[in-house]
Amino acid sequence: VAKGGGKGRWCRYQSELHTAIVQRLELRTALAEAVERRSFMVEYQPIVDLYSGVAAGFEALVRWHHPGRGLVPPDQFIALAEETGLIEQIGDWVLREAVAAAGRWRQDRDPSATPYVSVNVSARQLRAGGFVDRVRAALGAADVPPTLLMLEITESLLLRDDDQVWAELTELRTLGVRVAIDDFGTGFSSLSYLQQMPADVLKIDRSFTATVASSRRQLLLLEGIIRLAGTLSLDIIAEGVETEVVRTLLMDMGCALGQGYLFSRPLAEEDANRWGPERRSPAPIQRA
Ligand code: C2E
Ligand code: MG
Ligand code: MG
Ligand code: MG
């Protein structure tokens, strides 16, 4: 490996590798402990009607409360949780927690104005078996109708032709649960495939949204996707809306829903509940 670098370089390489392995093992142990102790929390980011600024729903995003490191973002532990299988327990906890939160929001509001909750689901959860029953149990325990739940599945997961996953999603949709294709635009769905997917909503990946203001090509592509979604009766949510310029471009293209720092970062449950119509985004006021 360290050819020509001499023995010193080889040793340094070995010691770095050693450190990485030890750190990984430590993280693994700590994550298993966190599952035992339920040291996680869920934050909620508003999914906003771009025209009115009202929250139509909230995406549930998990965080790990690490004793030494503070709040650890999901990008730093979800992959490990998937590898180790711990995602099954973490994911089930997030599902129950998020559905329970939707139940509490429901008590505080006019039933017709209750926002839905959208939960990220990983491949392993869907393949473990019994996922439909878990969802039913979570909804039943919190007395929440299936229509207030959306599940986010990544495009790459749906692209793997997996009969079990498709069957489960189809059954959930029959119950009234909605399915969103997350991070859309990062995989390579063919158009005919998209038409068959058991989904109700496309979430346009943030990498896509970020470039529409600066690239005409991206803009035209997105316009095409939005039109296609309309043809297939899929709703669209744009992720990563950070500026008014992007918000306006999206509205002009007929995209009605967006999510991003322009409106709000992910919030604690109580703050999400308070994030109502009275807390519109600043846009209409600034432009007046
Ligand atoms: P995602 O599902 O695509 O979620 C959107 C991510 O973008 C979130 O990051 C959110 O905080 C971030 N975000 C939202 N608006 C903006 C914006 O305007 N600008 C920028 N730069 N970022 C924005 P977060 O919370 O770190 O989550 C990262 C990923 O971790 C999620 O991506 C999702 O794939 C995964 N994840 C989160 N919670 C769960 C969970 O409970 N289960 C599973 N399986 N995966 C989860
Ligand atoms: Mg998501
Ligand atoms: Mg996403
Ligand atoms: Mg994304």
Side-chain angles (χ1 to χ4, degrees), residues 17-45 57-105 116-144 146 148-154 156-158 160 162 164-165 168-169 172 177 179-180 182-183 203 265-273:
L17 189 68
H18 179 78
T19 310
I21 291 170
V22 169
Q23 279 176 352
R24 214 176 151 66
L25 278 172
E26 277 171 4
L27 197 65
R28 224 175 139 133
T29 311
L31 191 60
E33 274 169 20
V35 169
E36 290 291 313
R37 298 193 189 134
R38 307 215 165 134
S39 317
F40 298 94
M41 66 169 292
V42 181
E43 289 189 323
Y44 299 88
Q45 187 181 34
F58 290 88
E59 178 174 6
L61 296 157
V62 70
R63 278 90 181 84
W64 171 13
H65 227 315
H66 190 282
R69 297 204 216 169
L71 278 193
V72 182
D75 286 340
Q76 288 175 32
F77 68 90
I78 290 290
L80 182 64
E82 281 171 352
E83 259 171 56
T84 53
L86 290 166
I87 193 67
E88 287 174 35
Q89 289 161 74
I90 298 172
D92 197 43
W93 180 83
V94 171
L95 175 70
R96 288 180 159 272
E97 189 70 15
V99 168
R104 289 185 282 270
W105 296 335
Y116 57 84
V117 73
S118 194
V119 177
N120 294 284
V121 178
S122 77
R124 193 129 179 190
Q125 282 174 271
L126 282 162
R127 299 219 180 89
F131 184 68
V132 176
D133 290 334
R134 285 170 204 278
V135 171
R136 272 216 188 89
L139 292 168
D143 192 23
V144 166
L148 287 186
L149 177 64
M150 184 157 94
L151 299 173
E152 301 193 7
I153 319 290
T154 60
S156 49
L157 168 56
L158 275 175
R160 284 181 248 152
D162 187 321
Q164 188 194 336
V165 168
E168 278 176 317
L169 294 177
L172 286 163
V177 172
V179 173
D182 204 356
D183 302 338
K203 290 193 81 171
R265 294 195 171 247
L267 304 165
E269 186 196 322
E270 308 76 43
D271 296 326
N273 194 19

Should [X] and [Y] count as side-chain neighbours, where that means a heavy-atom distance under 4.5 Å?
{"X": "Leu151", "Y": "Asn120", "value": "no"}
{"X": "Ser39", "Y": "His66", "value": "no"}
{"X": "Leu126", "Y": "Asp162", "value": "no"}
{"X": "Val177", "Y": "Leu139", "value": "yes"}
{"X": "Val35", "Y": "Trp93", "value": "no"}
{"X": "Leu27", "Y": "Leu31", "value": "no"}
{"X": "Met150", "Y": "Glu59", "value": "no"}
{"X": "Met41", "Y": "Leu71", "value": "yes"}

Roughly how far, to the nearest 0.5 Å, is the [atom2] atom of [Y] from the [atom1] atom of [X]?
{"X": "Gln125", "Y": "Arg134", "atom1": "CD", "atom2": "CZ", "answer": "8.5 Å"}
{"X": "Glu33", "Y": "Arg38", "atom1": "CD", "atom2": "CZ", "answer": "15.5 Å"}
{"X": "Ser122", "Y": "Arg127", "atom1": "OG", "atom2": "CZ", "answer": "9.0 Å"}
{"X": "Arg124", "Y": "Leu157", "atom1": "CZ", "atom2": "CG", "answer": "13.5 Å"}
{"X": "His18", "Y": "Ile21", "atom1": "NE2", "atom2": "CD1", "answer": "8.0 Å"}
{"X": "Phe58", "Y": "Glu269", "atom1": "CZ", "atom2": "CD", "answer": "10.5 Å"}

Give me the atom names and distance for the closest heavy-atom approach of [X] to [Y].
{"X": "Pro74", "Y": "Val62", "result": "CD-O, 3.3 Å"}
{"X": "Ala60", "Y": "Val119", "result": "CB-CG2, 4.4 Å"}
{"X": "Ala137", "Y": "Arg96", "result": "CB-NH2, 3.8 Å"}
{"X": "Gly130", "Y": "Glu168", "result": "N-OE2, 4.0 Å"}
{"X": "Val144", "Y": "Ala102", "result": "CG2-C, 4.2 Å"}

Looking at Arg28, I want to see if its CZ is surrounded by more than 12 non-hydrogen atoms of other residues, nucleotides or ligands under 6.0 Å.
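Counting neighbours around CZ of Arg28, 12 or fewer heavy atoms of other residues, nucleotides or ligands fall under 6.0 Å, so no.
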
Check the orientation of Phe77 and Trp64. Use parallel for under 30°, tilted for 30 to 60°, and perpendicular for over 60°.
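Geometry flag for Trp64 against Phe77: perpendicular rings.
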
Check step by step if side-chain contact (heavy atoms from CB on, under 4.5 Å) holds for Leu149 and Val135.
CA-CA 9 Å; Leu149 177 64; Val135 171; 3.7 Å; yes

Would you please test Lys203 and Asp183 for salt bridge (charged side-chain N to carboxylate O under 4.0 Å, His left out) and show each step?
CA-CA 6 Å; Lys203 290 193 81 171; Asp183 302 338; over 6 Å; no

Before we go on, tell me: are the rings of Tyr44 and Trp105 under 6.0 Å apart, centre to centre?
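Under 6.0 Å, so yes.
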
Would Arg265 and Glu43 satisfy side-chain contact (heavy atoms from CB on, under 4.5 Å), going step by step from the backbone distance to the final call?
CA-CA 9 Å; Arg265 294 195 171 247; Glu43 289 189 323; over 6 Å; no

Which is it for Gln45 and Leu61 under the side-chain contact (heavy atoms from CB on, under 4.5 Å) test, yes or no, and what are the steps along the way?
CA-CA 8 Å; Gln45 187 181 34; Leu61 296 157; 4.2 Å; yes

In a table with atom names and distances, give each donor-acceptor pair under 3.5 Å that connects a side chain of residues 80-92 to protein atoms at least two apart or in another chain.
{"unit_1": "Glu83", "atom_1": "OE1", "unit_2": "Arg24", "atom_2": "NH2", "d": "2.8"}
{"unit_1": "Glu83", "atom_1": "OE2", "unit_2": "Arg24", "atom_2": "NH2", "d": "3.1"}
{"unit_1": "Thr84", "atom_1": "OG1", "unit_2": "Leu80", "atom_2": "O", "d": "2.8"}
{"unit_1": "Thr84", "atom_1": "OG1", "unit_2": "Ala81", "atom_2": "O", "d": "3.3"}
{"unit_1": "Thr84", "atom_1": "OG1", "unit_2": "Leu86", "atom_2": "N", "d": "3.4"}

